Colleague: 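Handing you this structure, nothing more for now.
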Number of protein chains: 2
Amino acid sequence: MGLLYLMKQQTLPYEMHHGDCLQILQNLPDASVDAIITDPPYSSGGAFRSDRMGKTTEKYTLGGTKVKRPAFSGDNRDQRSFAFWCTLWLQECYRVAKEGAPICVFTDWRQLPITTDVFQAAGFVWRGVPVWDKTPACRPIKGRFAHQSEFIVFGSKGPMPVERGVGCLAGVFPIVVKQADKFHITGKPVELMKRLIEVTKPGDIVLDPFAGSGSTGVAAIQTGRRFIGIEMEQSYFDIANHRLSQNV
Amino acid sequence: MGLLYLMKQQTLPYEMHHGDCLQILQNLPDASVDAIITDPPYSSGGAFRSDRMGKTTEKYTLGGTKVKRPAFSGDNRDQRSFAFWCTLWLQECYRVAKEGAPICVFTDWRQLPITTDVFQAAGFVWRGVPVWDKTPACRPIKGRFAHQSEFIVFGSKGPMPVERGVGCLAGVFPIVVKQADKFHITGKPVELMKRLIEVTKPGDIVLDPFAGSGSTGVAAIQTGRRFIGIEMEQSYFDIANHRLSQNV
DNA sequence: TGTAGGTATGAATCCGACT
DNA sequence: AAGTCGGATTCATACCTAC
C-alpha cells in the first residue's frame with residue numbers, strides 16, 4: 001500500500017486530494033506550485049448560510065443551467081462571508097504558489113467585483129479579466145443582454161516577467177459547452193482549460209483547489225503539465241480520479 | 001433665430017449640447033429619457049500616476065501610431081475621485097431617466113468593479129455585464145492574456161419588465177474596430193452601438209452624456225431612435241454634430 | 001476585379017535609469 | 001526610497017499599394 005502510493009507519486013503526473021481545500025492547502029509546502037487555475041463555487045456565501053440553517057438552496061437545475069438569484073437581495077451576510085472565505089483559500093494559494101506564478105479564477109458577472117477584491121486582498125497582482133464566451137448556447141432573456149460569458153480573474157504572485165517562455169494569449173475564448181464534455185453541473189470544457197493552461201509552461205505544476213470533475217487536470221495532463229487537485233465531494237472526487245487516470 | 005431653433009427641435013431627431021455633462025444634465029427635466037448609453041473616460045491604465053496623467057493622445061496611441069486625433073480631458077482621475085465623479089453624473093442620469101429605463105456604461109477591466117459600485121450607488125439596478133470582444137486586433141503581451149475586450153455595465157432604473165417590446169439580445173459582441181469608423185481615440189464602432197441600442201424601442205430617446213464623436217447618436221438615428229448628446233471638447237462636439245447631420 | 005505583399009495600428013506595460 | 005521618466009516591446013488584422 002505504502003509502496004504503491006510511492007510508485008504512484010513518482011509515476012503519475014497528477015495527485016488528487018479528497019477534502020476541504022482550506023485544510024488540504026495547509027499541508028502543501030510554501031512556493032511549491034507553478035500556477036493556480038480554479039473554478040470555485042460562485043455563490044458560496046448563500047451555501048454557507050444555508051449550511052448553517054441546515055437546508056440547501058436549489059441553485060442549479062437538473063439540466064445544468066444556472067438559476068440566478070433575483071436582483072440584489074441586499075443580504076450582505078452572503079456577500080461578506082463569501083468574500084471572507086475566498087480570502088482565506090486565496091491566501092493559502094498565495095503561500096503555496098511560487099514567485100511570479102500565474103493564477104486564473106473563474107467567476108460570473110455578479111461575483112466579479114468581489115472576486116477582484118479578494119484576489120488582491122490575498123496579495124495577488126491583478127492583471128486582467130479574460131472572458132469565456134459560451135457563444136449562443138445560453139438561455140436568452142427578452143429585453144436583456146444574455147448572460148453569455150463567464151469571467152476569469154487573472155494575475156500573478158508578484159512581478160511576472162514578460163519573457164518566461166510563454167507566448168501571447170488571446171483575451172476572449174469563444175467555446176461552446178458540449179454536454180458530453182460536462183461531468184459537473186458547472187463543468188468547463190477541456191478545450192477552454194487547455195487555452196488557459198497555455199499561461200504555464202510544459203512540466204509546470206498546476207493547482208486546482210476546486211477540482212470538481214477534474215477538467216483542469218485533464219487539460220493539464222493532455223498538455224504535458226503536472227496537476228494537483230483538491231475536491232471535497234466524494235462523487236466528484238471519484239469522477240476526477242477516473243478521468244485523470246484515463247488521460248495519463 | 002428662435003424660430004429656427006424651434007424648427008430644429010421639431011424636425012431633428014437629435015440634439016447636441018456643448019459643455020460639462022454635470023452642468024448640462026442639471027438642465028434636463030426629470031424622467032425625460034428612455035435609455036442611457038455612454039462611454040465615459042475610464043481614467044485607467046498605468047500603475048503610476050504619471051502614466052495616467054499623460055495626454056490621452058500619447059497615453060493611448062504611443063507605439064508608432066501615425067494618425068493623430070484630438071486629445072480629450074477628464075481621463076486622469078485617481079480611483080477615489082473617479083468613483084466620486086461617476087456617482088455624481090450617474091445620479092443625474094438616474095433623475096433624468098424614466099422608470100425602467102435601461103442603461104449601458106462602458107468600462108475596461110481595471111475600472112469594472114468601481115463602475116458596478118458607482119452604478120448601484122447612483123440607484124440603478126445592475127443586471128449584467130455584456131462584453132465587447134474587439135477580436136484579435138489588440139495589443140498582444142507576451143505571457144499574458146490580451147486585453148481584448150471592453151465591458152458594458154448594464155442595468156435599469158428600477159424594475160424592468162421582461163415584456164416591453166424588445167427582443168432577446170446577445171451577451172458578447174465580437175466586432176472589429178475599423179479605422180474609417182473611428183473618429184475618436186477611444187471611439188466605438190457604430191455597428192456595436194447599434195447592437196446595444198436594440199435594448200431600446202424605435203422612437204425612444206437615448207441619452208449619451210459623453211458623446212465624443214457621436215457614434216451612439218449615429219447608431220440611434222440610423223435605427224430610428226432619438227438622441228440627446230453632451231460633449232465637452234469643442235473638436236469632438238463639432239465632429240459629432242457633423243456626423244449626426246449626415247445621418248438624418 | 002482580383003491577388004499578393006508590405007505597412008500601420010492598438011482605452012499598454014515592462015523595466016532600467018534617474019531624481 | 002518611493003516616485004518619475006522614457007525607450008522597447010508585441011503580433012494578428014486591417015488597410016494600402018502595386019501589379
Side-chain angles (χ1 to χ4, degrees), chain A residues 99-100 102 125-131 154-156 158-174 195 198-199, chain B residues 38-79 82 86 104-112 114-115 131-153 173-193 210-213 215-216 233 236:
Chain A
E99 270 306 314
V125 180
W126 180 29
R127 296 183 183 277
V129 180
V131 173
F154 164 68
S156 63
M160 190 191 201
V162 169
E163 191 46 72
R164 44 184 256 279
V166 171
C168 293
L169 308 166
V172 176
F173 303 97
R195 299 293 299 276
E198 284 177 20
V199 81
Chain B
T38 195
D39 185 21
Y42 297 170
S43 291
S44 191
F48 301 100
R49 199 160 54 98
S50 58
D51 288 335
R52 284 196 308 274
M53 291 301 187
K55 284 185 177 169
T56 49
T57 43
E58 292 155 21
K59 187 169 154 187
Y60 295 130
T61 57
L62 262 178
T65 308
K66 293 274 162 44
V67 177
K68 295 289 176 212
R69 285 180 236 273
F72 64 100
S73 56
D75 194 54
N76 42 23
R77 298 176 169 88
D78 66 28
Q79 289 260 302
F82 177 74
C86 283
C104 296
V105 180
F106 274 88
T107 188
D108 73 349
W109 65 274
R110 219 182 259 278
Q111 302 291 31
L112 179 50
I114 287 237
T115 307
V131 173
W132 174 31
D133 176 3
K134 301 194 241 186
T135 71
C138 62
R139 209 171 297 221
I141 321 170
K142 243 187 154 184
R144 324 240 165 136
F145 297 99
H147 298 142
Q148 187 182 332
S149 43
E150 286 184 31
F151 303 95
I152 299 139
V153 178
F173 302 97
I175 294 171
V176 184
V177 185
K178 294 203 177 65
Q179 272 303 319
D181 192 26
K182 196 170 161 172
F183 298 85
H184 188 284
I185 302 172
T186 70
K188 303 289 177 283
V190 171
E191 192 193 340
L192 171 66
M193 304 316 289
F210 304 95
S213 57
S215 297
T216 308
E233 290 296 324
Y236 285 120

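These numbers come from a predicted model, not from an experiment. A, B, ... follow the sequence lines: proteins, then strands. Residue 1 opens every chain.
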Colleague: Mind calculating the distance between NZ (B/Lys182) and P (D/dT13) to the nearest angstrom?
Modeller: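 Whole-Å distance recorded here is 17 Å.
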Colleague: Within the structure shown, what part of the strands sits under 4.0 Å from B/Trp109 by heavy-atom distance: base, sugar-phosphate, or nothing?
Modeller: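 Counting heavy atoms under 4.0 Å across all strands, the contact made by B/Trp109 is with sugar-phosphate only.
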Colleague: Any luck finding a side-chain donor-acceptor pair between B/Ser44 and B/Asp108 under 3.5 Å?
Modeller: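 Checked: B/Ser44/B/Asp108 side chains pair up, N/O donor to acceptor below 3.5 Å.
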Colleague: Extract the stems that DNA chain C is part of, considering only consecutive pairing runs of at least three Watson-Crick or G-U wobble pairs, both distances under 3.5 Å.
Modeller: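 Expected stems, ordered by start: C:2-10 with D:11-19, C:12-19 with D:2-9.
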Colleague: Shortest non-hydrogen contact from B/Ser73 to B/Glu233?
Modeller: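 Of all heavy-atom pairs spanning B/Ser73 and B/Glu233, the closest is OG-OE2, 2.8 Å.
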Colleague: Ring of B/Tyr60 versus six-membered ring of C/dA12: centres under 5.5 Å and planes under 30°?
Modeller: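 No, the aromatic ring of B/Tyr60 does not stack with the base.
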Colleague: With heavy-atom distances below 4.5 Å as the criterion, would you say the side chains of B/Gln111 and B/Ser43 are in contact?
Modeller: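 Sidechains of B/Ser43 and B/Gln111: in contact.
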Colleague: Without decimals, in angstroms, what is the distance between B/Glu191 CD and D/dA14 P?
Modeller: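 These atoms are roughly 12 Å apart.
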Colleague: Report the nucleotide, chosen from C/dT9, C/dT13, D/dC11, that has the shortest atom-to-atom distance to any side-chain atom of B/Arg110.
Modeller: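 Comparing C/dT9, C/dT13, D/dC11 against the side chain of B/Arg110, the answer is C/dT13.
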Colleague: Of the options C/dA11, C/dG10, C/dA12, whose atoms approach the side-chain atoms of B/Arg69 most closely?
Modeller: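 Within the option list, the nearest is C/dG10.
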Colleague: With sequence neighbours left out, write down each residue that passes salt bridge (charged side-chain N to carboxylate O under 4.0 Å, His left out) with B/Glu150, or none if nothing qualifies.
Modeller: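 So B/Glu150 forms a salt bridge (charged side-chain N to carboxylate O under 4.0 Å, His left out) with B/Lys134, B/Lys188.
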Colleague: So, B/Arg69 versus B/Thr57: side-chain donor-acceptor pair below 3.5 Å or not?
Modeller: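 There is no such pair between these side chains.
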Colleague: Can you work out whether B/Tyr42 or B/Arg144 has the more 5'-proximal nearest nucleotide on DNA chain C?
Modeller: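 Nearer the 5' end of the strand: B/Tyr42.
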Colleague: Go through the structure and list residues passing salt bridge (charged side-chain N to carboxylate O under 4.0 Å, His left out) with B/Asp133, not counting sequence neighbours.
Modeller: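 Here no residue qualifies.
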Colleague: To the nearest Å, give me how far apart NE2 (B/His147) and C1' (C/dT9) are.
Modeller: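 So the NE2-C1' distance, B/His147 to C/dT9, works out to 18 Å.
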Colleague: Taking only the C1' atom of each, what is the distance from D/dA8 to C/dG10 in whole angstrom?
Modeller: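 The same atom, C1', in both gives a distance of 16 Å.
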Colleague: Within less than 4.0 Å of OP1 or OP2 of C/dC14, is there a side-chain N or O belonging to A/Arg164?
Modeller: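 False: A/Arg164 side-chain N/O out of range (4.0 Å or more) of C/dC14 OP1/OP2.
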Colleague: In terms of side-chain heavy atoms of B/Val176, which of D/dT10, C/dT13, D/dA14 is nearest?
Modeller: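 Selected nucleotide (nearest to the side chain): D/dA14.
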Colleague: Measuring only between side-chain heavy atoms, which start at C-beta, is B/Ser149 closer than 4.5 Å to B/Trp132?
Modeller: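 Sidechains of B/Trp132 and B/Ser149: no contact.
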Colleague: What is the nucleic acid contact for B/Pro41, judged by heavy atoms within less than 4.0 Å: base, sugar-phosphate only, or nothing?
Modeller: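 The residue B/Pro41 makes base contact.
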Colleague: Should B/Lys134 be listed as having a side-chain N or O under 4.0 Å from OP1 or OP2 of C/dA11?
Modeller: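 It does, given that an N or O in the side chain of B/Lys134 lies less than 4.0 Å from OP1 or OP2 of C/dA11.
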Colleague: Whether the side chain of B/Lys188 and the base of C/dA11 hold a donor-acceptor pair under 3.5 Å is what I'd like checked.
Modeller: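 Looking at the base of C/dA11, it does pair with a donor or acceptor on the side chain of B/Lys188 (distance under 3.5 Å).
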